[in-house]
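Step one of this worksheet: look at the structure below.
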Amino acid sequence: MSEGPERERPLTRETLRNFYDDYIETLDDLRLGEWPDFFTKECLYRIIPRENHERGYALCTMQAESRAMLQDRVTGLSQTHLYAPRYYRRFLSGLRITGDAPEGIRVRQNVLIVQTMLDKQSDIVLCGVSHDLVVRDAGRLRFKERIVVFDSEMIPTSLIYPA
Amino acid sequence: MNAIGRRWPEDANGRVPCWVYSDPEVYREELKRIWYGPHWLYCGLEAEIPEVGDFKTTTLGERPVVLVRSAAEEISVFENRCRHRGLKFCQTRFGQAKELLCPHHQWTYDLKGNLIRVPFRRGVRRRGMPADFDPKAFGLHKVRVEVVNGVVWASFSTETRPFREYLGERFWEHFTRIYDGRKLSVLGYHRQHIPANWKLVQENDPTGANAKQSRTDLKLITVFPSVILQHDLNSLATRQIAPTGSHGFDLHSTHWCYADDTPEMRLRRTRQASLFCPSGFLPADNVEVMADAQQGFAAAPDDSALVTMAGYRAIENTPHMVPGAAIRGMYRYWREVMDL
């Protein structure tokens, strides 16, 4: 990752985009072991249906409040979870910086995840918008918050992998 | 054998024929005899429509309905179909209204479903509705309702026994231990479409046998045919089934807590709900297994599945839910209702 020393570089769209591209490549290539490292130690990660988010309900489809909980999910996915094999591929667009403060950069972006089951046509497993807080942490960018609010409330069977 | 032309295999209690999960005629009969017959169907929680005029839309079997709090202590359920041209007039999930309006020609109903306004009833230049048109005969189709400890049940049949009798004393005790009359509060919703026959969710949920951990703290009450009431650790939910043909169903889960729960308990229940949600480690297993099962069944309607575990062929109450007994019991009832 081409970061440069923390203290001097202003965060450009290019740098942010590289960060997001690294993130989705890691997940698309199923390098799940590397996924939790994109987050700060204490963090908030949520995938939540739009209706719950808009009504102020905290019930999420996926939630983690720390890197350790993300690690638990990876363990579950790799070792105990039973599910038919599939591919997910993620497409991000519409990156907008909605806030830039000492606490971090607030970013909003569209998220589309296409799922392909074996011998089936590809379909949309998630369509939504993410509201993220990206911070500099120990020499790299990380999510302190990533909240994915999805319109696609009627999930086709399950949501297996993260967004 | 009824008009469907299917016959249950000889080994009555030990096998479930695969056509049960895939035959479209069987499915049509199920709608008629089960969903629209003398059974109670889950509509929602009173907590979802707390104020007069609050409404919620849902589906009972395949019929869209509207639940309305029509008075302080009264819940009404109507078919979501205008009596004029048959439009599904209410297209939002939740809302608040003083009247129910169909946007097509603005036919207007009060909260009790009475038709109270027909614009242009006398027409333009007098060519309106016929003189014998009686609005009283064109109220929304009401569905029978029973509200029990905060849970709203509806039935399309006048023959359905009162809810407590319907459940039976044993399940009534389980039901009222959780739905004990305390006010409830909604935590949120999960919705999934599962490409499997609706009966599979009732077969698979009680087992726990396909989970890699053994669960002793999981309680599930299936109120056949429409809902599974879940009590898992501290996570409480209703899992409502809406069938969409023999090969699929929508699953609507409402997670809730008690209105007087502390914020810490509310948070704990919300966290634990993650075990039982579309990404949760338990139902993700179950719903994935159901989808896999349907792929197997659909191709071989004349084959059958073995349900002889845990008591071989006996049907009796068991303290645990390793499969067999519950499934056999369900199909014994099913065969009676379906005349198969």
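Naming convention: chains lettered A, B, ... in sequence-line order (proteins, then strands); numbering from 1 in each chain.
The local environment of CZ in B/Arg268 is sparse, with at most 12 non-hydrogen atoms from other residues, nucleotides or ligands closer than 6.0 Å. Surrounding CZ of B/Phe94 are more than 12 heavy atoms belonging to other residues, nucleotides or ligands, all under 6.0 Å away. Counted within 6.0 Å of CD1 on A/Ile124, heavy atoms from surrounding residues, nucleotides or ligands total 12 or fewer; the atom is thus considered open. The 12-atom threshold is not exceeded at CZ of A/Arg96, counting heavy atoms of other residues, nucleotides or ligands nearer than 6.0 Å.
We find the CD1-NE2 distance between A/Ile155 and B/His190 to be 8.0 Å, quoted to the nearest 0.5 Å. Taking CD of A/Glu153 as the reference point, atom CZ of B/Arg191 lies at 7.0 Å (rounded to 0.5 Å).
Residues of residues 40-67 of chain A having a heavy atom under 4.5 Å from any heavy atom of chain B, listed by number: A/Pro49, A/Glu51, A/Asn52, A/Arg55, A/Tyr57, A/Ala58, A/Leu59, A/Cys60, A/Thr61, A/Met62, A/Glu65.
Heavy-atom pairs under 4.5 Å with chain A were tallied for B/His252, B/Arg266, B/His255; the largest tally goes to B/His255. Across B/Asp250, B/Ile194, B/Leu187, the residue that shares the most heavy-atom pairs under 4.5 angstrom with chain A is B/Leu187. In terms of heavy-atom pairs under 4.5 angstrom with chain A, the leader among B/Ala273, B/Gly188, B/Gly248 is B/Gly188.
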**Q.** Test log, rule side chain to side chain donor-acceptor pair (under 3.5 Å), inputs A/Ser158 and B/Glu288
**A.** CA-CA 7 Å; A/Ser158 341; B/Glu288 290 288 315; 2.7 Å; yes
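If you measure heavy-atom distances from B/Arg269 to chain A, you find no contacts under 4.5 Å at all.
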